[in-house]
Amino acid sequence: TVFVFILLLLFLSVVELMSVDDDAEERPALVPSLFPLVPPTLYFSTANEKVELLPVEERRLLKWKLSTVTPNVVKHTITRSHFKITKSDHDWLGCWGHHMKSPAFKTLGEHQKLNHFPGTFQIGRKDRLWRNLSKMQARFGKREFGFFPRTFILPQDIKQLRKAWEGGGSRQTWIIKPPASARGTGIQVIHKWSQMPRKRPLLVQKYLHKPFLISGNKFDLRIYVYVTSYDPLRVYIYSDGLVRFASCKYSTSMKTLSNKFIHLTNYSINKKNSEYQSNSDDTDCQGHKWSLKALWKHLSSQGINTSSIWEKIKDIVVKTIIAAEPYVNSLMKMNVRSAYSCHELFGFDIMLDEKLKPWILEVNISPSLHSNTPLDLSIKGNMMSDVLNLAGFRIPVREEVLSPCSSTCRTKYDLSADEKVKRAFYLTQRSTEQDFQASVLDVLTPADVCVLVQAEDELTRRGQFERIFPSTTSSPYLRLFECPRYLNILLDQWEQRQWTDRSKGIAVLKTLCQKGVHLGTSDQAHMVRPQGLMNVIFLPCSSLDSQPLGPAPSQEDDWLSSLSATPSSGSSVCSSVCPSPPPASERSSDKDEGLKPVPLL
């Protein structure tokens, strides 16, 4: 089976290459960094582009792990960049496969990228999604988290559901869903208590019975969301998506509740209806599947403010990702050697009610990328090129591939004591004053520069994605995090300072990288003075909190020693820009000659 699969892939690769016009633009195989002494990333082209060949020695390293669930749109994209399929467990660079149990992430080498983070089932399973959103609603109220239907999880919530049912009147509808199903499997709309299954786990939600209709049909939106990092959190949303229509006219009659072609919008269900109409044009507003951009065009023609709807959807996305953030970061630190190894594409399903309010229905951690129609291929093909470019794949040092690092190998930036002091300072202060928060940028440590360089480089590779966290308006979201993270504060303040003219901030980072600051430095200009910072932390200060937040000054030396030995919250730095430098005492001065770009670890 594997052999046949490989032959089929090779055939598809040949067809793909033959279909590219000989006059198509040839793109460089590598995307250079904005910054000196920072390695480039691999380029992934669209279907009408060609990618130049790398030298043979580097091209031999371009291997992609075989997976039975890798969609054709991914296979075509990697083939255009001259990747070859491998069955080896250690010499591959990328894989688009199944989600794994968290301990299995320990097997990932530092040079490898998998399309998942551990723990994202906390929003990918329907029951976990609603538990986490409900917890956030309890903390912050319905005004902040009022974008999901009233939900019960059975059998645990059976008594609460019965009470809600009895108080809901005679004409009420609920939708029941298995907690871990897909493609509409097992979903029913019911209106009688006797219709409620008793012997299996279920999610029961209040049915959104007044949806916004187009030509009398119900529809939902598939929104593509891409997360490149959880610490710091970086979230992107794709500018296009899919609009899936139910294939029969909507009705509120109780007699129609069993008709899935009326009440469900899943493509996998509605394509079986003889009345289903396909659509092959991503600009047309016809048939039972549209592009998201076509929907915006249609609504705008009716005088509807689509920008307002889009902003509300982005708000839902950021809050939902934050709801699972503590679980993911905890499992990352326990099971993943390098943050470089994980990235994830999510499919958010959103429905608009009659007042055009968006509601979240579910989150898919393995959204369908099957491209059976020109419409699907147009959207998903271009998106996949942007996803893999954003991911920042790099060519590893050959020794990494031949001799994978052991599980005890350290791949995270070795923070010096003063860097840890700085992080602890900004995490323990309770002041939310902008002037105080902005001071995080006053002294940029080597680790700070690494994170900012990576964020700026990544932003230039975004294609049709928009970064929605961090952004110029994302500061209010910081209070929603269960555990504040230093790197989120750093990036947030960088956005506040640089958004009007990014070129100024980029120029600053270029200068620092030219000096090799991001590689580690003993330059005092980029080191926090522990003694001075301790005075700020532990002595009462009118501009900050008047309460001491740490040990007494006489305990300062012991506390610094403990910081050196214990990682602080949010201390991990993705090593795709900065490899582990030598200890602070051994770092070179910025005057050292012969600095070279280092491999991304």
Side-chain angles (χ1 to χ4, degrees), residues 46 146-149 208-226 235-250 262 264-267 270 276-320 345-363 367 371 373-387 462-469 471-474 499:
T46 57
F147 50 79
F148 58 97
L208 299 174
H209 65 286
K210 293 183 178 180
F212 186 84
L213 304 177
I214 293 180
S215 300
N217 293 69
K218 177 181 177 180
F219 65 93
D220 74 353
L221 315 178
R222 166 56 59 88
I223 307 296
Y224 295 104
V225 175
Y226 183 55
V235 184
Y236 295 81
I237 192 168
Y238 196 60
S239 62
D240 210 349
L242 293 172
V243 183
R244 293 92 54 92
F245 286 84
S247 50
C248 289
K249 302 292 184 183
Y250 184 70
I262 292 176
L264 301 186
T265 57
N266 307 73
Y267 168 72
N270 283 280
Y276 182 84
Q277 298 176 15
S278 60
N279 175 21
S280 60
D281 193 329
D282 61 357
T283 64
D284 279 353
C285 300
Q286 64 178 12
H288 291 116
K289 185 186 285 190
W290 297 2
S291 71
L292 185 62
K293 289 182 177 179
L295 174 69
W296 296 149
K297 182 179 69 173
H298 172 80
L299 295 180
S300 296
S301 70
Q302 298 184 348
I304 294 172
N305 183 356
T306 59
S307 296
S308 175
I309 299 173
W310 190 232
E311 290 303 314
K312 291 175 183 177
I313 290 174
K314 290 191 286 188
D315 178 68
I316 289 174
V317 166
V318 173
K319 288 175 178 175
T320 302
L345 179 70
F346 298 90
F348 275 65
D349 290 347
I350 302 289
M351 181 168 288
L352 304 179
D353 67 16
E354 62 178 355
K355 297 181 180 178
L356 292 171
K357 174 184 175 179
W359 297 79
I360 188 170
L361 301 180
E362 63 180 271
V363 178
S371 304
T373 67
L375 171 63
D376 284 308
L377 186 59
S378 172
I379 293 171
K380 297 175 184 178
N382 291 331
M383 179 185 67
M384 189 46 55
S385 296
D386 288 346
V387 163
R462 67 188 181 278
Q464 295 184 60
F465 277 95
E466 174 192 357
R467 195 175 71 189
I468 57 176
F469 190 94
S471 71
T472 57
T473 59
S474 63
W499 72 273

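Count residues from 1 along the sequence. These numbers come from a predicted model, not from an experiment.
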Listed by chain and number, what are the ring-ring contact (aromatic ring centres under 6.0 Å, His included) partners of [X], not counting sequence neighbours?
X      : answer
Phe219 : Phe245
His298 : Trp290
Phe346 : none
Phe469 : Phe481

Are any of the side-chain heavy atoms of [X] and [Y] separated by less than 4.5 Å?
X      : Y      : result
Val225 : Val363 : no
Phe212 : Ile309 : no
Lys314 : Val317 : no
Thr373 : Ser280 : no

Sequence neighbours left out, what passes salt bridge (charged side-chain N to carboxylate O under 4.0 Å, His left out) with Asp376? Give chain and number order. Lys289, Lys380
Which residues satisfy the salt bridge (charged side-chain N to carboxylate O under 4.0 Å, His left out) test with Arg467, sequence neighbours excluded? Glu495
Ile350 vs Phe147, side-chain contact (heavy atoms from CB on, under 4.5 Å): CA-CA, chis, key distance, verdict: CA-CA 10 Å; Ile350 302 289; Phe147 50 79; over 6 Å; no
Under the criterion side-chain contact (heavy atoms from CB on, under 4.5 Å), I'd like the reasoning laid out for Ile313 against Leu221: C-alpha separation, chi angles, the key distance, then a yes or no. CA-CA 10 Å; Ile313 290 174; Leu221 315 178; 3.9 Å; yes
Interatomic spacing from [atom1] in [X] to [atom2] in [Y] - rounded to 0.5 Å:
X      : Y      : atom1 : atom2 : value
His288 : Ser247 : NE2   : OG    : 5.5 Å
Gln464 : Asp240 : CD    : CG    : 7.0 Å
Lys357 : Leu208 : NZ    : CG    : 9.5 Å
Leu345 : Phe465 : CG    : CZ    : 6.0 Å
Leu299 : Leu352 : CG    : CG    : 7.5 Å
Thr306 : Leu295 : OG1   : CG    : 8.5 Å

Over all atoms of both residues, closest heavy-atom pair of [X] and [Y]:
X      : Y      : answer
Cys285 : Ala294 : SG-O, 3.3 Å
Gly347 : Arg222 : CA-CD, 3.7 Å
Asn279 : Asp284 : ND2-O, 3.3 Å
Ile316 : Pro358 : CD1-O, 3.5 Å

Does atom NZ of Lys210 have more than 12 heavy-atom neighbours from other groups under 6.0 Å away? no
Side chain of [X], backbone of [Y]: donor and acceptor closer than 3.5 Å?
X      : Y      : value
Lys249 : Ser215 : yes
Asn270 : Leu264 : yes
Lys293 : Asp282 : no
Asn217 : Ala246 : yes
Tyr238 : Tyr226 : no
Asn382 : Ser378 : yes

Does the pair Tyr224 and Leu242 meet the rule for a side-chain contact (heavy atoms from CB on, under 4.5 Å), with working shown? CA-CA 9 Å; Tyr224 295 104; Leu242 293 172; 3.6 Å; yes
Which of Thr265, Asp349, Asn266 passes side-chain hydrogen bond (donor to acceptor under 3.5 Å, both in side chains) with Arg244? Answer is Asp349
Apply side-chain contact (heavy atoms from CB on, under 4.5 Å) to Ser474 and Ile468, showing your working. CA-CA 8 Å; Ser474 63; Ile468 57 176; over 6 Å; no
